[in-house]
Amino acid sequence: MNDDTLDSIFDKAASGTSLVVKDRRALTIDYVPDRLPFRDEESKTIAHTLSIVLKGSRPSNLLLFGKPGTGKTAVVKNVLHRLSVKGEELGLELTVPFVNAKSANTAYKVLHEIAENMGINKGEKKLQVHFTGLSMGEATDRILEFIQRRKKLYVILVIDEIDSLVEKNGDDILYNFTRANERFSTESFISLIGISNSLTFKDKLDPRVRSSLSEEELVFNPYTVEQLQRILAERTMIAFNEGVVSSAAINLCAAMAGREHGDARKAIDLLRVAAEIAEIERANKVEEKHIRLAQEKIEKDTNYEVLRNSTTHTKILMLAVLKSRNGNTGEVYEIYSDICRRIEQEPLTQRRITQIMSELDQLGLITSDVISQGRYGRSQKLRITVPHSTVKEALKEDSILTGLLSID
DNA sequence: CATCCACCGGAAGAGAAGGTAA
DNA sequence: TTACCTTCTCTTCCGGTGGATG
């Protein structure tokens with residue numbers, strides 16, 4: 001490696017030219033194409049429902065369901081973008097705050113982000129929603145007060161991944177927002193669009209919230225493999241130079257993403273990572289093998305990240321599962337406490353450990369099946385589902401644990 | 001067929017960390 | 001300063017429970 005090669009890498013990056021990729025943005029999650037293939041019906045329905053806002057009446061609340069990567073978010077963003085442009089043309093005061101409940105992480109942050117999105121925090125001091133310290137009620141009140149005071153403000157609030165909000169915090173926030181219109185004494189109003197990954201999420205709602213939130217519903221079906229192929233082909237035309245991605249690669253990509261449930265996001269991720277790998281290899285085409293490598297890399301990276309960022313006790317627990325012979329809860333807990341003692345950490349209670357284990361299960365790092373051994377009690381059978389090397393690699397970075405890894 | 005093991009998993013809540021309001 | 005806010009991690013307590021075994 002000499003200076004020239006480095007220079008050429010930087011030059012290429014700076015000028016943005018690449019043998020393979022033409023427009024990288026088209027492969028990111030945030031990219032919303034102008035037209036979403038196979039989602040015309042859904043777009044129309046949503047547009048229709050919302051269009052009455054242009055006449056100054058309140059649209060029905062809307063609830064959208066569908067598996068990840070079925071285009072829910074993209075469709076909504078697309079429609080809302082057009083709508084707000086139209087609203088502006090007509091001189092309406094229309095605002096369309098968009099929050100993702102999952103990436104906001106907590107219920108309070110959802111409120112904070114809404115306020116931020118609507119520009120409340122730039123306005124009157126008394127109505128600002130700081131990023132912590134207020135009670136939930138106070139924060140909600142401030143947002144609603146703001147809307148009311150603006151006399152004729154139309155708000156269409158989108159909450160993406162709304163199910164994770166309800167899961168963590170119940171439906172208090174939703175209750176307040178759905179009821180808000182009754183409180184307003186001015187012409188302002190608020191409509192809600194909820195986007196959910198899980199079809200069963202409605203069951204967790206209070207009946208009153210449920211009926212008002214789902215005044216209208218729409219289900220997004222997964223894409224078929226053929227549809228994924230078309231979507232990828234279209235995206236490829238924007239993102240890549242011509243003839244760079246073989247059709248075999250596209251087909252494989254679509255097949256892999258379609259295996260579970262036609263997930264377009266995953267398909268596009270796969271394509272992006274494959275392109276990166278191809279670039280590093282200095283290949284001038286994206287082939288099937290790059291897609292396969294990309295698949296491996298994505299899986300490994302996410303597991304690795306999760307593990308690396310988890311707490312010491314979670315890591316010790318992973319180690320204990322790794323070392324255990326048959327993976328029974330009792331045995332794993334024994335090993336776990338043993339390790340703790342060795343590195344002079346107070347072990348957590350068994351109750352907490354079961355909780356952590358079910359979290360790990362949800363993340364897909366381990367599987368746990370509850371089995372009954374009759375007279376010998378009930379237990380969980382734990383198994384690690386990621387390559388052991390990945391686990392060890394991730395744990396190596398924790399200085400407390402380095403000594404333990406070499407033992408066996 | 002009742003028993004009883006070895007754990008599961010819900011509920012409540014303590015307490016620390018991060019903050020606002022007045 | 002005091003009072004009070006949420007969220008996160010853990011603990012304590014405890015009522016279940018599937019099915020091999022006596």
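We name chains A, B, ... by the order of the sequence lines, and we start the count at 1 in each one. Note that the coordinates shown come from a computational prediction; the quantities given were computed from them, not determined experimentally. Side chains are part of it too, since the values below use all heavy atoms of this structure and drop only hydrogens, waters and symmetry mates.
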Integer-rounded Å distance: [N] [atom2] and [X] [atom1]:
X         : N       : atom1 : atom2 : value
Asn105(A) : dA17(B) : CG    : P     : 20 Å
Lys109(A) : dC5(C)  : NZ    : P     : 20 Å
Leu348(A) : dC10(C) : CG    : C1'   : 7 Å
Glu346(A) : dT9(C)  : CD    : P     : 19 Å
Gln350(A) : dC10(C) : CD    : C1'   : 14 Å
Lys381(A) : dA6(B)  : NZ    : P     : 15 Å
Gln128(A) : dA21(B) : CD    : C1'   : 14 Å
Phe131(A) : dT7(C)  : CZ    : P     : 14 Å

Candidate nucleotides [options], ranked by approach to the side chain of [X] - the nearest:
X         : options                  : value
Tyr108(A) : dT20(B), dT6(C), dC8(B)  : dT6(C)
Thr349(A) : dT20(B), dT11(C), dC8(C) : dT11(C)
Arg352(A) : dC7(B), dA21(B), dT9(C)  : dT9(C)

Using only heavy-atom distances, determine whether the side chains of [X] and [Y] contain a donor-acceptor pair under 3.5 Å.
X         : Y         : value
Lys381(A) : Asn326(A) : no
Glu276(A) : His290(A) : no
Gln128(A) : Asn121(A) : no
His261(A) : Tyr223(A) : no
Arg179(A) : Tyr175(A) : yes
Asp160(A) : Thr73(A)  : yes
Asn197(A) : Glu161(A) : yes
Thr367(A) : Thr385(A) : no

| Proximity to DNA chain C (any heavy atom under 4.0 Å), residues of residues 353-367 of chain A only | none
| Should Thr132(A) be listed as having a side-chain N or O under 4.0 Å from OP1 or OP2 of dT6(C)? | no
| said: dC8(B), OP1 or OP2 - any side-chain N/O from Thr329(A) closer than 4.0 Å? | reply: yes
| request: Could you point out which residue of Glu187(A), Glu215(A), Glu182(A) forms a salt bridge (Lys or Arg N to Asp or Glu O under 4.0 Å) with Arg58(A)? | output: Glu215(A)
| request: Find which nucleotide of DNA chain C each of Met136(A) and Pro347(A) is nearest to by heavy atoms, and output the residue with the more 5' nucleotide. | output: Met136(A)
| query | Are the charged groups of Arg342(A) and Asp338(A) less than 4.0 angstrom apart, N to O? | reply | yes
| said: Could you check, using the six-membered ring where one of them is a Trp, whether Phe220(A) and Phe65(A) have ring centers closer than 6.0 angstrom? | reply: no
| Is it the case that Lys109(A) places NZ or CZ above or below the six-membered ring of Phe131(A), under 6.0 angstrom from the centre and within 45 degrees of the axis? | no
| note | the helix from dC1(B)-dG22(C) to dA22(B)-dT1(C): angle between terminal helix axes, five bp per end, to the nearest 10 degrees, reads 30°
| How would nucleotides 14-22 of chain C be written as a contact map, 5' to 3', with B for base contact, S for sugar-phosphate-only contact and - for no contact, using protein heavy atoms under 4.0 Å? | ---BBBBSS
